Amino acid sequence: MVEDWQTLLSGPYIPHGHCYLWQPGLVWLHLLSDGLIALAYFMIAGSLVYFVQRRPDVPFKPLFWLFSAFIMACGATHLLSVWTLWFPTYWVSGGIKAITAVVSLFTALELVPRLPLALALPNATQLLDLNQALQEEIVDRKQAEADLRAAETEVRQLNRTLEDRVQRRTTQLEMANQQIEALLAQERRDRKALQAAKDNLQDSAERLNLALSAAQMGTWDWHLDTNSQIWSPQTERILGFAPGTATHTAETWAARVHPDDLPAMAVLIERAIANQAEFTGQYRVCWPDDSWHWVSAYGRVVEIKDGCSQRMVGVMQDITAAKRAELSLRASETRFRGVFEQAAVGMARLNLQGQWIQVNQKLCDTLGYQPEDLIHQPFQSITYEADQAQDEHYFQQMVSGEQTSCQFEKRYLRSDGSPVWALVTVSVESNAADGITGLIAIVEDIEDRKAVQEELVHRADELAHTNLMLAHTTALLERRNAELDQFAYVASHDLKAPLRAIANLADWIGEDLEGQIPAENCHQLELLRNRVQRMEGLINGLLEYSRVGRRQRSIVAVDLNLLLANVVDSLGPTAEFEVTIAPDLPTLYSHKTPLGQVFANLINNAIKHHHCDRGTVSVTWQDRGAWLEFAIADDGPGIAPQYHDKIFTIFQTLRARDDFESTGIGLAVVKKIVEAEGGRVWLTSNLDQGTIFYFTWPFHKTPPAAE
């Protein structure tokens with residue numbers, strides 16, 4: 001970085017003075033010329049800036065700023081020409097010239113389109129002509145204003161004359177208007193009085209009709225002397241007639257009344273006429289669709305002559321809905337009484353003082369009392385003492401309306417004094433008029449359930465004790481595993497140390513006696529080295545085999561494409577071996593290191609046990625739902641079927657170790673890793689037909705926490 005800055009500031013160049021051979025006259029000539037030019041440029045730029053700052057109305061102000069920047073940059077280039085006489089900073093000088101070029105080009109581009117606008121600006125002569133024309137226009141305007149003021153004076157005089165005349169005429173008209181208004185006011189008062197009387201009468205009629213309509217009541221008027229009747233349209237509807245289609249007679253009414261109700265109503269009407277009083281009754285009427293409707297009727301004698309009733313008026317109302325609701329309520333009460341008495345659980349009703357007012361037989365059987373022993377007694381009298389505070393708390397909440405229902409467990413005292421566990425469900429009885437009127441309690445015997453719960457609690461305690469023992473055992477196993485890991489590490493280290501010494505001794509002997517020992521002894525030394533390497537590989541394999549399934553590894557997202565690429569790269573097969581991997585391998589959540597070990601061992605075995613110096617290994621996969629099935633195929637010598645199970649046994653090899661160096665642990669490690677993940681491993685092969693190793697691996701598409 002420092003060297004780059006030094007190259008930028010000086011570089012491998014010579015000062016410009018060398019070009020002038022450092023002749024004083026020539027150097028001073030260029031120095032003074034460039035210096036004075038730079039000073040002139042800076043003064044011009046400063047003058048332009050001062051001018052623009054002092055004249056805010058100057059047009060094309062950005063263009064002045066660009067000229068100032070352009071002139072300042074030109075001065076900087078001349079100033080740098082003086083500098084480079086002694087210091088060869090040509091890169092800086094060239095950069096300033098480049099900036100000057102950009103600013104000058106931008107200034108020229110901005111100047112060209114503004115030339116027409118600058119040429120369009122008026123010159124001094126034009127401005128003087130415009131000023132003179134403006135002065136003449138001002139003089140004309142002042143003259144016009146003077147004429148206008150004179151005309152306004154004349155108009156004001158005429159207005160005063162007209163206002164005097166209008167004032168006199170207005171006074172005369174006001175007197176005439178006052179007389180007319182007095183007459184109109186009297187007429188309005190008379191009309192208001194008449195309208196008020198009409199409105200009162202109409203309001204009374206409307207209120208009556210509104211009240212009758214709101215109550216869905218019909219009116220009737222019966223002139224007894226002429227036996228004629230008048231029904232309202234609502235009365236006709238109540239009796240099942242369309243308005244205006246019925247004959248208003250007693251016979252028409254009687255034809256609609258239920259035969260069982262007609263005699264009683266006839267007696268009520270005759271008694272009211274005879275006693276010159278009123279009557280009230282309910283009866284049923286039949287509509288044309290053969291449906292029966294309940295009607296409530298009221299009548300009163302309103303006109304009497306010579307001691308005889310002359311006129312009776314009344315109202316009637318359709319009460320079918322209310323009557324049906326009443327009958328339904330009675331039926332519901334009957335059903336409730338039946339359910340209450342025959343319920344398979346204890347049921348009771350209590351008043352707001354907490355006293356039993358109704359109990360069923362099941363409750364009496366559960367508690368061992370007779371109904372008369374409980375009625376009018378407080379529920380606390382047979383409540384177990386330890387549960388009375390809880391009962392009182394729930395009772396106060398229900399009575400105060402804080403809760404409408406609750407459920408809790410409590411103990412009652414039987415008639416023999418023994419406690420019995422019960423599940424109590426309490427709800428409030430209420431209505432819109434009186435609010436809360438009482439409580440309904442359902443009492444269920446849970447003595448057997450409580451015994452089972454106690455047994456479950458006992459079992460839970462035993463299970464907790466067992467879990468504690470398991471936790472202790474697990475901790476002990478973890479400590480033993482840690483000790484085993486430590487032992488395996490120490491053992492492998494202590495075993496490898498003498499092996500390395502033996503290998504070094506063999507190398508030293510070979511080097512010291514090179515060319516002096518017979519070929520047979522050289523072969524024996526080579527065998528010794530191979531045995532040492534085999535022993536070291538065996539120790540490493542045993543250490544890895546012992547750790548499989550005992551090390552805690554985190555589950556991470558594994559990109560199989562990247563994993564296999566890294567595995568093949570770490571194995572470093574020769575150029576003669578081609579390893580092909582199926583495209584679009586999925587990403588799964590798993591233990592990354594064990595899966596990489598399985599791939600590395602199987603691919604390495606395919607390369608190492610190949611019978612030729614060249615070959616092909618391919619890796620393919622299939623989605624089996626919850627599992628991924630992988631296949632590692634090679635075109636090697638193959639394995640006879642009788643050895644398919646043997647090769648997964650630790651220390652087992654198909655060829656003598658002196659012929660081919662192998663520990664016999666790799667496939668055993670593969671089998672142990674795969675089975676630790678819950679999968680399985682197998683192969684298909686025949687002699688001279690290559691080998692395909694298969695294994696399955698859990699396919700988790702999401703992290704375990706998400707699952």
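Every value quoted in this text rests on a predicted model; they were computed, and no experiment measured them.
Taking the salt bridge (charged side-chain N to carboxylate O under 4.0 Å, His left out) definition, one finds that R414 meets it with nothing, sequence neighbours left out. Under the side-chain contact (heavy atoms from CB on, under 4.5 Å) criterion, S400 pairs with E402, sequence neighbours left out. With sequence neighbours left out, T587 forms a side chain to side chain donor-acceptor pair (under 3.5 Å) with no residue at all. Contacts of E675 classified as salt bridge (charged side-chain N to carboxylate O under 4.0 Å, His left out), with partners at least two apart in sequence or in another chain: K671. Residues satisfying the side chain to side chain donor-acceptor pair (under 3.5 Å) criterion with E629, sequence neighbours excluded, are R624. Taking E270 as the reference, nothing meets the side-chain contact (heavy atoms from CB on, under 4.5 Å) condition, with sequence neighbours excluded. Under the side-chain contact (heavy atoms from CB on, under 4.5 Å) criterion, Q403 pairs with Y394, Q397, M398, C406, not counting sequence neighbours. With sequence neighbours excluded, the residues satisfying side chain to side chain donor-acceptor pair (under 3.5 Å) with H458 are E462. For R449, the salt bridge (charged side-chain N to carboxylate O under 4.0 Å, His left out) criterion is met by E444, not counting sequence neighbours. For S296, the side chain to side chain donor-acceptor pair (under 3.5 Å) test picks out no residue, with sequence neighbours left out.
Contact of the I673 side chain with the V681 side chain is not registered, since no non-hydrogen atoms from C-beta on lie closer than 4.5 Å. The shortest distance between side-chain heavy atoms of F241 and T252 falls below 4.5 Å. P243 is listed as a side-chain neighbour of R237, based on a closest heavy-atom distance under 4.5 Å. Here the side chains of T245 and E236 are not in contact, with every heavy-atom distance at 4.5 Å or above. Contact annotation: the side chain of V424 approaches that of Y412 to within less than 4.5 Å [non-hydrogen atoms, C-beta and beyond].
Atoms CD1 and CD1, on I375 and I357 in that order, are 8.0 Å from each other to the nearest 0.5 Å. Atom CZ of F630 and atom CD of Q622 lie 11.0 Å apart (nearest 0.5 Å). Note that CG of D221 is 11.0 Å distant from OG of S232, once rounded to the nearest 0.5 Å. Note that the NZ atom of K592 and the CG atom of L563 stand 6.5 Å from one another [nearest 0.5 Å]. A distance of 10.5 Å separates CG in L367 from NZ in K362, rounded to the nearest 0.5 Å. Separating the CZ atom in R271 from the CZ atom in F279 is a distance of 12.0 Å, to the nearest 0.5 Å.
With E429 as reference, T437 is the one residue of L439, N351, L352, T437 to meet the side chain to side chain contact (heavy atoms under 4.5 Å, CB included) rule.
Applying the salt bridge (Lys or Arg N to Asp or Glu O under 4.0 Å) test to pairs two or more places apart or on separate chains, those with a residue in residues 371-397 are D387-R411, D391-K410.
In terms of heavy atoms, W287 sits closest to L239 at NE1-C, 3.7 Å. The nearest pair of heavy atoms linking W220 to M316 is CD1-CE, 4.0 Å. Closest approach of W621 and P583 over heavy atoms only: NE1-O, 3.8 Å. Closest approach of R349 and I440 over heavy atoms only: CG-CG1, 4.3 Å. Looking at every heavy atom in both residues, M217 comes nearest to V315 through SD-CG2, 4.3 Å. Between A348 and L363, the shortest heavy-atom contact is CB-CD2, 3.7 Å.
A donor-acceptor contact closer than 3.5 angstrom links the side chains of N227 and W222.
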| said: Working note: Q358 + M347, criterion side-chain contact (heavy atoms from CB on, under 4.5 Å); need CA distance, chi angles, decisive distance, verdict. | reply: CA-CA 8 Å; Q358 186 179 359; M347 296 185 69; over 6 Å; no

| message | Under the criterion side-chain contact (heavy atoms from CB on, under 4.5 Å), I'd like the reasoning laid out for F408 against V426: C-alpha separation, chi angles, the key distance, then a yes or no. | response | CA-CA 9 Å; F408 55 92; V426 185; 4.2 Å; yes

| query | Could you go step by step and tell me if L588 and W697 meet the side-chain contact (heavy atoms from CB on, under 4.5 Å) rule? | reply | CA-CA 10 Å; L588 71 158; W697 198 268; 3.8 Å; yes

| field | Derivation and outcome, side-chain contact (heavy atoms from CB on, under 4.5 Å), residues L560 and L628 | value | CA-CA 11 Å; L560 291 176; L628 287 177; 4.1 Å; yes

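Ring pair F695/F599 is perpendicular by interplanar angle, where above 60° counts as perpendicular and below 30° as parallel.
Judged by distance alone, with hydrogens and angles left aside, the side-chain atoms of S427 form no donor-acceptor pair with the main-chain N or O of S405 at under 3.5 Å. Remark: the backbone N or O of R680 is paired with a side-chain donor or acceptor of T696 at under 3.5 angstrom. Checked by atom type and distance alone, the side chain of H293 never pairs as donor or acceptor with a backbone atom of T320 at under 3.5 Å. The backbone N or O of G314 sits nowhere less than 3.5 Å from a side-chain atom of E278 that would complete a donor-acceptor pair. The main-chain N or O of L585 is found under 3.5 Å from a side-chain atom of N561 such that the two form a donor-acceptor pair. In this structure, the side chain of S415 engages the main chain of G368 through a donor-acceptor pair within 3.5 Å.
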Result block: side-chain N/O donor-acceptor pairs under 3.5 angstrom for residues 255-265, not counting sequence neighbours:
from : atom 1 : to   : atom 2 : distance (Å)
R256 : NH1    : C286 : O      : 3.1
H258 : ND1    : D260 : N      : 3.1
D261 : OD1    : R284 : NH2    : 3.2
D261 : OD2    : R284 : N      : 2.9
D261 : OD2    : R284 : NE     : 2.8

